[in-house]
Structure formats: C-alpha cells, structure tokens
Amino acid sequence: MENSEQRFIDIEMALSNLERMVDDLNDVIIKQGKDIAFLQKQNHYLTEAIRNTQSVVKPLEEETPPPHY
C-alpha cells in the first residue's frame with residue numbers, strides 16, 4: 001500500500017511539473033507571437049520607407065552636382 005501511495009505522489013508531482021512547464025511554454029509562445037506581430041509591422045513600415053525613398057532619389061545622371069564642382 002505504501003509503495004502505491006508513493007507512486008501516486010510521484011505521478012502527481014510529475015503532472016504538476018508538466019502543467020507548470022506547459023504554462024511556461026504557453027507564455028513564451030504568446031510573447032513570441034507579439035514579437036512577430038511587432039516585427040511584421042516594423043518590416044512593413046521599413047519596406048514602405050524604402051519604396052518612398054527610391055521614388056525620391058534620382059538616378060546619378062539626373063542629379064545636379066554639388067556647388068563645389
């Protein structure tokens with residue numbers, strides 16, 4: 001009987017540890033999801049900024065030389 005009780009306690013402890021681990025992993029996944037969403041927004045913003053910059057920058061042949069030339 002004692003052996004069964006100890007096994008029961010060991011199983012409950014293992015289950016408790018697994019539940020805590022799943023909760024910790026879930027927190028990590030949620031944080032990573034938020035980080036990914038932020039990075040996607042930042043990537044979109046930077047991509048748009050580069051597109052807008054390319055439309056403003058003229059080819060070298062069309063640029064006026066600086067005044068010291």
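Below, each value reflects all heavy atoms present in this structure, side chains not excepted, and no hydrogens, waters or symmetry copies. Numbers here simply count residues along the sequence, with the first being 1.
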**Q.** Donor + acceptor pair across side chains of Gln6, Asp10 (<3.5 Å)
**A.** yes
Q) Which value, rounded to the nearest 0.5 Å, describes the distance between Ile9 atom CD1 and Arg7 atom CZ? A) 12.5 Å
Q. For Thr47, what residues pass the side chain to side chain contact (heavy atoms under 4.5 Å, CB included) criterion, not counting sequence neighbours?
A. Asn43, Arg51
N/O donor to acceptor pairs below 3.5 angstrom from side-chain atoms of residues 17-32, sequence neighbours left out:
from, atom 1, to, atom 2, distance (Å)
Asn17, OD1, Arg20, NH2, 3.0
Asn17, ND2, Met13, O, 3.4
Lys31, NZ, Asp35, OD2, 2.9

